[in-house]
Student: 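Mind having a look at this structure? Questions to follow.
Ligands are counted one by one from 1 in listed order, and the atoms in each one are counted from 1 as well. Atoms considered below: every heavy atom in the structure, side chains included; atoms not considered: hydrogens, waters and symmetry mates.
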Amino acid sequence: MGSYKEIYQRASENPQEFWAQAAEDLIWQKKWQKVLDEKNSPFNTWFAGGKINTCYNALDRHVEAGSSDRVALIYDSPLAATKEKITYLELRDRVAAFSGVLKKYGVEYGDRVVIYMPMIPETVVAMLACSRIGAIHSVVFGGFASNELAKRIDDAKPKLIVSASCGLEPGKVIEYKPLLDGAISLSKNKPDSCIIFQRVMHQAELNEKRDIDWHDAHNKVTPADCVEVEATDPVYILYTSGTTGVPKGVVRPTAGHLVSLKWSMKNIYGVDPGEVYWAASDVGWVVGHSYIVYAPLFHGCTTVLYEGKPVGTPDAGAFWRVISEHQVACMFTAPTAIRAIKKEDPDGKLIREFKLDCLKSQFLAGERCDPDTLEWTEKMLKVPVVDHWWQTETGWPIASNCLGIELLDIKPGSPTCAVPGWKIDVLDESCKPVPPGEIGAISLKLPLPPGSLPTLWQNDKRFVDSYLTKYPGYYETGDAGIIDQDGYLHVLSRTDDIINVAGHRLSTGGMEQVLAEHQDVAECAVLGVSDQLKGQVPLGLLVLKDGVNTEHKQIIEDVIRMVRAEIGPVAAFKVALIVKRLPKTRSGKILRGIIQKIADSADYDIPATIDDPLILMEIKESLQKIGYAT
Ligand code: COA
Ligand code: AMP
């Protein structure tokens, strides 16, 4: 092995040799011809010429190696009052059968399948079944409304959609079918068919011409085998928020995904095959793709699929119950989940009710981790608590304490240093690295390592414009921060209009588009303000058209309802304020950053270019009336 420094250096000096060695850990149908191909730079590829299958490496290889009886997936749902253990053999068979179903309904190699499902085993089955036959899945998070689902359907153009009758949230059943029907009627590209998994809590009405019941679909089906897939083919598309209301279709390349995730399990998370690994996220997000479904299975671990919340299902001891009951060795969640637990159980009384000596480490990501949360978790769990930083586009951690290599000193507020394979620089506006301790744009030197996005789905131009243009030779992460004197990274804020609400990445631009649709709204701005639980929540400012007589309360209720209906409950858009004007520069740019600082009671400088400084005082007073800017 070697120290972190040695391994980091090896990966930097000879990435091709480094990743070729890591790739030996997978089972290939045909070995690659070129480890890294830069001839179409910036559209670089890893392992070109190779043939490999994702599902084979997740399931069949373990079955063939004699681990048929090992538990692959534990489904634990306090919301459905259900628990189920599925072995590698059972999961392989269920996946092979569903691959047969997909084929029966016309899905072929390279076709897209949209999956709009809750946290149930059938979702994992559907994802792996796609990869088994070389179809490309695109999972859409259940908290998005019809309009957002429709945007993804229109971009991915799926042949088939897999969904369920409902999702479960505390105290409520969320009917998915009306949301799906709404999305299909809004979309220009109608799928040929939809396969619907009927849950016992709610039976959805099926459209005879288009919908097929999950169980009926299995009639007379021949299980399908794994096909050979080109190493550079996409395994999935995952849509993520950009600065506009149009989501970006992040493409995940098959072999890079396999190699990077398999490597990360031992080297970053420090887990071994056979151990239980739990990412308490949702399959609709990248964390769910990489660390609920794929990486633990590639590594032969047992993964936990938890359909519940950190609190309220039934209480703030839920996570500790799951860890102890299923003997979880490594856990991953978002800081917001820990804050929710800490709020209800500050002294950790519920933690002490469980035997947690199986737990070796606790990983956190998805948003900035405040030092208080990290220190509280360390004190309570008495294991290394690792803040690590990455994003949908990269698919796996960029900066982390790599526990499988060497535990470096933990600095609360920092996700430690670059993971081997990544080169992080903090740049100024002229693309020069800034001195240690100075803030700048966190950027990743090209070429990016395996697993990271090679492009956006059928949109090379947006890929280049969004990520590769501002800092030539680098990928722009959209995050700002510093590298300190010890080489530790600190991720401080975004450089764009993305906000992070309870670990969920959302576009304020997308919300502004919805607010602007209201008949009485002349102009609007949405910004993320600090929230003790969710990190940030959106706040809308509305300027009304002249002569509007509608009651302000009514307009605010309308826009809150509109954001929920068009983007979804996950946006958590609950506060809006009507103001006379918005502060702008003389060239007309809305000063969102200043309003955000005022709302958060932070220091701010009034820019010389502001058109009307008095408006800031008016906004401050309005914010104070609703509990901000204290
Ligand atoms: N389907 C439908 N609706 C959903 C949903 C889903 N899959 N997931 C969330 N929602 C809804 C919720 O019901 C809620 O609706 P409401 O406004 O009617 O209450 C809304 O979306 C916001 O949900 P959530 O973000 O879960 O907030 P919450 O207030 O219900 O719970 C936390 C707060 C902190 C407990 C919760 O945000 C949490 O567990 N966060 C962890 C986040 C995480 O795992 N992120 C992944 C990155 S690692
Ligand atoms: P997503 O693509 O949804 O995973 O969101 C990625 C974004 O979340 C990053 O670009 C950061 O802005 C933020 N983020 C994720 N993890 C961290 C972390 N450990 N520290 C700070 N910000 C983080």
Student: Checking a contact table here: which protein heavy atom is nearest atom 30 (O) of ligand 1, and how many Å away?
Tutor: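 Of the protein heavy atoms, Lys309 NZ, 3.7 Å lies nearest.
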
Student: When you measure from atom 16 (P) of ligand 1 to each heavy atom in Lys534, Lys172, Met117, which option holds the nearest one?
Tutor: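 Going through Lys534, Lys172, Met117 one by one, Lys172 has the nearest heavy atom to atom 16 (P) of ligand 1.
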
Student: Between Tyr176 and ligand 1, which residue portion shows a heavy-atom distance shorter than 4.0 Å: side chain, backbone, both, or neither?
Tutor: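 It is the side chain that gets close, since no backbone atom is under 4.0 Å.
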
Student: Using a strict cut-off of less than 4.0 Å between a Lys/Arg side-chain nitrogen and an Asp/Glu carboxylate oxygen, indicate whether Glu353 and Lys349 qualify as a salt bridge.
Tutor: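 No, Glu353 and Lys349 are not salt-bridged.
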
Student: Which of the numbered atoms in ligand 1 are under 4.0 angstrom from any heavy atom belonging to Gly503?
Tutor: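 Those of ligand 1 that fall under 4.0 Å from Gly503 are 47 (C).
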
Student: Nearest to atom 6 (C) of ligand 1, what protein heavy atom do you find, and at what distance?
Tutor: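 Scanning the protein heavy atoms, the shortest distance from atom 6 (C) of ligand 1 goes to Gly143 N, 3.5 Å.
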
Student: May I ask which of Cys166, Ala334, Gly142 has a heavy atom nearer to atom 43 (C) of ligand 1 than the others do?
Tutor: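 Looking at heavy atoms only, the winner is Ala334.
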
Student: Applying a heavy-atom cut-off of 4.0 Å, say which part of His504 lies close to ligand 1: side chain, backbone, both or neither.
Tutor: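 Side chain only.
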
Student: So, are Arg339 and Asp370 salt-bridged, with charged N and O less than 4.0 Å apart?
Tutor: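 Asp370 and Arg339: salt-bridged.
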
Student: Check whether any protein heavy atom sits under 4.0 Å from atom 32 (C) of ligand 1.
Tutor: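 For atom 32 (C) of ligand 1 the answer is no, since every protein heavy atom stays at 4.0 Å or beyond.
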
Student: Output yes when Asp425 and Lys445 qualify as a salt bridge under the 4.0 Å nitrogen-oxygen rule, no when they do not.
Tutor: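 Result for this pair is no, no salt bridge flagged.
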
Student: Tell me: protein heavy atom nearest atom 42 (C) of ligand 1, and distance?
Tutor: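 Of the protein heavy atoms, Ala502 O, 3.2 Å lies nearest.
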
Student: Answer yes or no for atom 36 (C) of ligand 1: protein heavy atom present at a distance under 4.0 Å?
Tutor: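 Flag for atom 36 (C) of ligand 1 set to false, no protein heavy atom closer than 4.0 Å.
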
Student: Given Pro310, Gly535, Gly366, Ala337, which has its nearest heavy atom closest to atom 39 (O) of ligand 1?
Tutor: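 Answer by nearest heavy atom: Pro310.
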
Student: Inspect the contact between Glu429 and Lys470 and indicate whether a charged nitrogen and a carboxylate oxygen are less than 4.0 angstrom apart.
Tutor: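 Yes.
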
Student: Looking only at heavy atoms of Phe363, does any of them come nearer than 4.0 Å to an atom of ligand 1?
Tutor: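 So Phe363 does not count as touching ligand 1.
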
Student: Which heavy atom of Ala316 sits nearest to which heavy atom of Asp345, and what is that distance?
Tutor: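 Result for this residue pair: CB-CB, 4.1 Å.
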
Student: Between Lys177 and Asp181, does any side-chain N to carboxylate O distance fall below 4.0 Å?
Tutor: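 Salt bridge flag = yes for Asp181 with Lys177.
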
Student: Quick check: are there more than 12 heavy atoms from other residues, nucleotides or ligands sitting under 6.0 Å from NZ of Lys411?
Tutor: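 Atom NZ in Lys411 is packed in, count exceeds 12.
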
Student: Considering the heavy atoms of Val570, write down every atom of ligand 1 situated less than 4.0 Å from one of them.
Tutor: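 Taking each heavy atom of Val570 in turn, ligand 1 has 21 (O) under 4.0 Å.
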
Student: Mark up the atoms of ligand 1 that fall under 4.0 Å of a heavy atom belonging to Phe141, in ascending order.
Tutor: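 In order of numbering, the contacting atoms are 5 (C), 7 (N), 8 (N).
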
Student: Kindly assign one of parallel, tilted or perpendicular to the pair Trp285 and Phe144, based on the angle between their ring planes and the thresholds 30° and 60°.
Tutor: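 Aromatic pair Trp285/Phe144 classed perpendicular.
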
Student: Please identify which of these residues, Trp396, Tyr291, Tyr269, meets the side chain to side chain donor-acceptor pair (under 3.5 Å) condition with Ser264.
Tutor: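 Exactly one pass, corresponding to Tyr291.
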
Student: Report the nearest protein non-hydrogen atom to atom 44 (O) of ligand 1: residue, atom name, distance rounded to 0.1 Å.
Tutor: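 Ranked first by proximity to atom 44 (O) of ligand 1 is Ala280 O, 3.4 Å.
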
Student: Taking NZ, NE, NH1 and NH2 as the nitrogens, is one of them in Arg561 or Asp558 under 4.0 Å from a carboxylate oxygen of the other?
Tutor: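 Salt bridge flag = yes for Asp558 with Arg561.
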
Student: Per the side chain to side chain contact (heavy atoms under 4.5 Å, CB included) rule, which among Thr313, Leu168, Asp76, Thr82 passes with Glu307?
Tutor: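 Answer after filtering Thr313, Leu168, Asp76, Thr82: Leu168.
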
Student: Heavy-atom contact check, 4.0 Å cutoff: does Glu367 meet ligand 1?
Tutor: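 The answer is no: ligand 1 sits nowhere under 4.0 Å from a heavy atom of Glu367.
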
Student: So with a 6.0 Å cut-off around CD of Glu375, is the heavy-atom count from everything else above 12?
Tutor: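 More than 12 heavy atoms, drawn from other residues, nucleotides or ligands, come within 6.0 Å of this atom.
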
Student: Check this for me: does any side-chain nitrogen of one of Glu169 and Lys309 sit under 4.0 Å from a carboxylate oxygen of the other?
Tutor: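 Salt bridge flag = yes for Lys309 with Glu169.
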
Student: Identify which of Gly167, Ala571, Ala572, Pro569 has a heavy atom lying nearest to atom 14 (C) of ligand 1.
Tutor: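 Heavy atom nearest to atom 14 (C) of ligand 1 belongs to Pro569.
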
Student: Among all the protein's non-hydrogen atoms, which is closest to atom 4 (C) of ligand 1, and how far away is it?
Tutor: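 Result for atom 4 (C) of ligand 1: Glu169 CD, 3.6 Å.
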
Student: Whether Glu175 and Arg199 form a salt bridge (side-chain N of Lys/Arg under 4.0 Å from carboxylate O of Asp/Glu) is what I want to check.
Tutor: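 Salt bridge: no.
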
Student: Nearest protein heavy-atom contact for atom 41 (C) of ligand 1: which residue, which atom, what distance?
Tutor: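 For atom 41 (C) of ligand 1, the nearest protein heavy atom is Thr336 CG2, 3.7 Å.
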
Student: Enumerate the atoms of ligand 1 whose separation from the nearest heavy atom of Val287 is less than 4.0 angstrom.
Tutor: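 Those atoms are 48 (S).
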
Student: Quick one: does Met119 get within less than 4.0 Å of ligand 1, heavy atoms only?
Tutor: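 Under 4.0 Å: no for Met119.
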
Student: State which residue, out of Tyr176, Phe141, Phe197, fulfils the ring pair (Phe, Tyr, Trp, His ring centres under 6.0 Å) condition with Tyr116.
Tutor: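 Between Tyr116 and the candidates, ring pair (Phe, Tyr, Trp, His ring centres under 6.0 Å) is satisfied uniquely by Tyr176.
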
Student: Measure and list all N/O to N/O distances between ligand 2 and the protein that fall under 3.5 angstrom.
Tutor:
unit_1, atom_1, unit_2, atom_2, d
ligand 2, 2 (O), Thr392, N, 2.8
ligand 2, 2 (O), Thr392, OG1, 2.5
ligand 2, 2 (O), Arg505, NH1, 2.7
ligand 2, 8 (O), Gly366, O, 3.4
ligand 2, 8 (O), Asn500, ND2, 3.3
ligand 2, 10 (O), Gln391, NE2, 2.9
ligand 2, 10 (O), Asp479, OD1, 3.4
ligand 2, 10 (O), Asp479, OD2, 2.6
ligand 2, 10 (O), Arg494, NH1, 2.9
ligand 2, 12 (O), Asp479, OD1, 2.6
ligand 2, 12 (O), Asp479, OD2, 3.4
ligand 2, 16 (N), Gly366, N, 3.1
ligand 2, 19 (N), Asp387, OD1, 2.7
ligand 2, 19 (N), His388, O, 2.8
ligand 2, 20 (N), Glu367, O, 3.4
ligand 2, 22 (N), Arg368, N, 3.4

Student: Should the proximity of Ala365 to ligand 1, defined as any heavy atom under 4.0 Å, be assigned to the side chain, the backbone, both, or neither?
Tutor: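 The part of Ala365 near ligand 1 is the backbone, not the side chain.
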
Student: Out of Tyr294, Tyr236, Tyr239, which residue meets the ring pair (Phe, Tyr, Trp, His ring centres under 6.0 Å) rule with His289?
Tutor: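 The residue from Tyr294, Tyr236, Tyr239 that satisfies ring pair (Phe, Tyr, Trp, His ring centres under 6.0 Å) with His289 turns out to be Tyr236.
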
Student: Would Ser138 and Arg152 count as a side chain to side chain donor-acceptor pair (under 3.5 Å) here? Give the steps.
Tutor: CA-CA 8 Å; Ser138 187; Arg152 288 152 175 83; over 6 Å; no

Student: Write out the residue and atom name of the closest protein heavy atom to atom 46 (C) of ligand 1, then the distance separating them to 0.1 Å.
Tutor: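 The closest one turns out to be Ser281 OG, 3.3 Å.
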
